[in-house]
Amino acid sequence: MKTKIAPSILSADFSVMGEAVKKLEQSGADLVHCDVMDGTFVEPITFGGQMVKNIRPLTKLPLDVHLMIEHPKTQIKFFAEAGADIITVHYEACKKISDDYLRETLELIKSYGVKCGAVVNPDVPVENIFPVFPLCDMVLLMSVFPGYGGQKFISEVLEKVKKARAYAVQIGKPDLDIEIDGGVTEENAAAIRAAGANVLVAGSTVFKSSDMAKTIANLKK
Ligand code: DX5
Ligand code: ZN
């Protein structure tokens, strides 16, 4: 499977976000990963739908919106209407509300014609989201605890990636996008891809690089 790189704009300079997004596209990024944090599900607050709306006209790349928020169902409308191409929601935030909330949220995302995905934290078994694999366009396995860029990759997640890919094959979705988020570097990217992930989020690795295009190419190699 072709590897796709999704740089996270969390690591960009927010005062020149438009320029950052254009540079990502010129440098060979495949998606723009937008980390939305609400100050409750995770400590920091980043941005909301307005940011997605403002960067939408600046790039042809798909906008991959990662919602690290409580009550995600209440916010889908704003991100869908802002132009998100894919919206992912956390299993942990949904589970607190009800057993059906994750499925309902994914169905709501799809009702806007937007792709959807489920996310699990590093300490949550990937099996917990197996029931929604048939609904998902992507599954996202966190390889750090959400909230901050620049953390160290938790290598135990590689076993979860293998299980996720095997299950996707088993249910007849061998090409399901499996995304890894957190601590991805030029050093660990090959192992992550070998485990079965095909979408790699990279924040600090891409934005700290002095040669963004080369770094993105190396992450795909
Ligand atoms: C963490 C975010 C990640 C983060 C990745 O809460 O979901 O997308 O920005 O940053 P790096 O690549 O620096 O670990
Ligand atoms: Zn993210």
Side-chain angles (χ1 to χ4, degrees), residues 3-14 17 20-21 23-24 27 29-49 51-52 55 61-70 72 75 79 84-94 109 115-124 129 136-158 160-161 177-193 197-210 212 215-216 218-220:
T3 301
K4 294 182 265 191
I5 305 301
S8 167
I9 57 170
L10 181 63
S11 297
D13 178 345
F14 279 34
M17 189 58 89
V21 168
K23 188 165 177 207
L24 289 179
S27 303
D30 299 283
L31 303 107
V32 178
H33 186 80
C34 304
D35 282 312
V36 177
M37 304 187 188
D38 67 350
T40 305
F41 181 73
V42 288
E43 280 185 326
I45 295 177
T46 54
F47 52 78
M51 177 70 86
V52 173
I55 62 176
L61 297 179
L63 302 180
D64 167 28
V65 175
H66 174 196
L67 294 183
M68 287 163 274
I69 65 173
E70 303 286 2
Q75 298 300 311
F79 290 96
D85 294 278
I86 176 153
I87 301 175
T88 58
V89 292
H90 270 264
Y91 165 84
E92 301 81 14
C94 295
I109 296 167
K115 290 182 178 174
C116 71
V119 192
V120 282
N121 275 341
D123 59 348
V124 173
I129 57 168
C136 287
D137 298 290
M138 179 156 84
V139 295
L140 167 50
L141 307 180
M142 293 303 299
S143 42
V144 298
F145 284 90
Y148 302 94
Q151 302 182 73
K152 191 176 172 298
F153 184 76
I154 298 171
S155 55
E156 285 75 17
V157 77
L158 293 176
K160 289 165 66 174
V161 174
D177 281 332
I178 298 180
E179 184 176 52
I180 278 286
D181 185 3
V184 174
T185 64
E186 291 180 56
E187 289 70 40
N188 61 22
I192 296 168
R193 292 197 315 264
N198 66 308
V199 186
L200 274 50
V201 176
S204 30
T205 293
V206 168
F207 280 96
K208 283 201 179 126
S209 167
S210 54
M212 218 181 239
T215 298
I216 290 173
N218 285 343
L219 290 169
K220 292 188 200 190

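Each ligand, and each atom within it, is numbered from 1 in the order the structure gives. Residues take their numbers from the sequence shown, with the count starting at 1.
The contact set between ligand 1 and Met142, taken as ligand atoms under 4.0 Å from a residue heavy atom, comprises 7 (O). Residue Gly182 approaches ligand 1 through these ligand atoms, each under 4.0 Å from one of its heavy atoms: 14 (O). The atoms of ligand 1 that sit less than 4.0 Å from any heavy atom of Met37 are 6 (O). When each atom of ligand 1 is checked for a heavy atom of Met68 under 4.0 Å away, the hits are 6 (O), 7 (O). Against a heavy-atom cut-off of under 4.0 Å, Pro146 is close to the following atoms of ligand 1: 6 (O). Atom numbering of ligand 1 starts at 1 in the shown order; those under 4.0 Å from a heavy atom of Ser8 are 8 (O), 9 (O). Near Val201, the atoms of ligand 1 lying under 4.0 angstrom from a non-hydrogen atom of the residue are 8 (O). Remark: ligand 1 atoms within the under-4.0 Å shell around heavy atoms of His66 are 7 (O).
A donor and an acceptor atom, one from each side chain of Asp35 and His33, are located under 3.5 Å apart.
When each of Ile5, Asp181, Asp177, Ile178 is tested with Val199 by the rule side-chain contact (heavy atoms from CB on, under 4.5 Å), just one qualifies, namely Asp177.
The Zn ion (ligand 2) sits nearest to atom OD2 when only the N, O or S atoms of Asp181 are considered. The Zn ion (ligand 2) sits nearest to atom ND1 when only the N, O or S atoms of His66 are considered.
One finds an angle of 90° at the Zn ion (ligand 2) between OD1 on Asp35 and NE2 on His33, to the nearest 10 degrees.
One finds the CG atom of Asn121 at 6.5 Å from the CE atom of Met142 (value rounded to the nearest 0.5 Å). Once rounded to the nearest 0.5 Å, the distance linking CZ of Phe153 with CG of Asn188 reads 5.5 Å. Note that CD1 of Ile192 is 10.5 Å distant from CD of Glu187, once rounded to the nearest 0.5 Å. Rounding to the nearest 0.5 Å places CZ of Phe14 at 5.5 Å from CE of Met51. Between the CD1 atom of Ile109 and the OG1 atom of Thr88 there is a distance of 8.0 Å, given to the nearest 0.5 Å. Interatomic distance, NZ of Lys115 versus CE of Met138, reported as 9.0 Å (0.5 Å rounding).
Protein heavy atom closest to atom 10 (O) of ligand 1, with residue, atom name and distance, is Gly149 CA, 3.6 Å. Residue, atom and distance of the protein heavy atom nearest to atom 14 (O) of ligand 1 are Gly183 N, 2.8 Å. If you check which protein heavy atom lies closest to atom 12 (O) of ligand 1, you get Gly203 N, 2.7 Å. Annotation: atom 13 (O) of ligand 1 to nearest protein heavy atom, Ser204 OG, 2.4 Å.
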Q) Run the side-chain contact (heavy atoms from CB on, under 4.5 Å) check on Ile129 and Cys136 step by step: do they pass? A) CA-CA 10 Å; Ile129 57 168; Cys136 287; over 6 Å; no
Q) Which is it for Val201 and Val184 under the side-chain contact (heavy atoms from CB on, under 4.5 Å) test, yes or no, and what are the steps along the way? A) CA-CA 7 Å; Val201 176; Val184 174; 5.7 Å; no
Q) Going through the distances and angles, do Thr40 and Ile69 end up as a side-chain contact (heavy atoms from CB on, under 4.5 Å)? A) CA-CA 7 Å; Thr40 305; Ile69 65 173; over 6 Å; no
(Q) Show, in sequence, the C-alpha distance, side-chain angles and deciding distance for Phe145 and Asp123, and conclude whether the side-chain contact (heavy atoms from CB on, under 4.5 Å) test is met. (A) CA-CA 9 Å; Phe145 284 90; Asp123 59 348; 3.6 Å; yes
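In terms of polar-atom proximity, defined here as any N/O pair under 3.5 Å, Gly147 does make such a contact with ligand 1. Checking only distances, Ser11 never comes within under 3.5 Å of ligand 1, N or O to N or O. In terms of polar-atom proximity, defined here as any N/O pair under 3.5 Å, Gly150 does make such a contact with ligand 1. Between Asp35 and ligand 1, at least one N/O pair is under 3.5 Å apart.
Taking 4.0 Å as the cut-off, Tyr148 counts as a neighbour of ligand 1 on heavy-atom distance. Ligand 1 is approached by Asp181 to a heavy-atom distance shorter than 4.0 Å.
Crowding of Lys208 atom NZ: a count of heavy atoms from other residues, nucleotides or ligands under 6.0 Å not exceeding 12.
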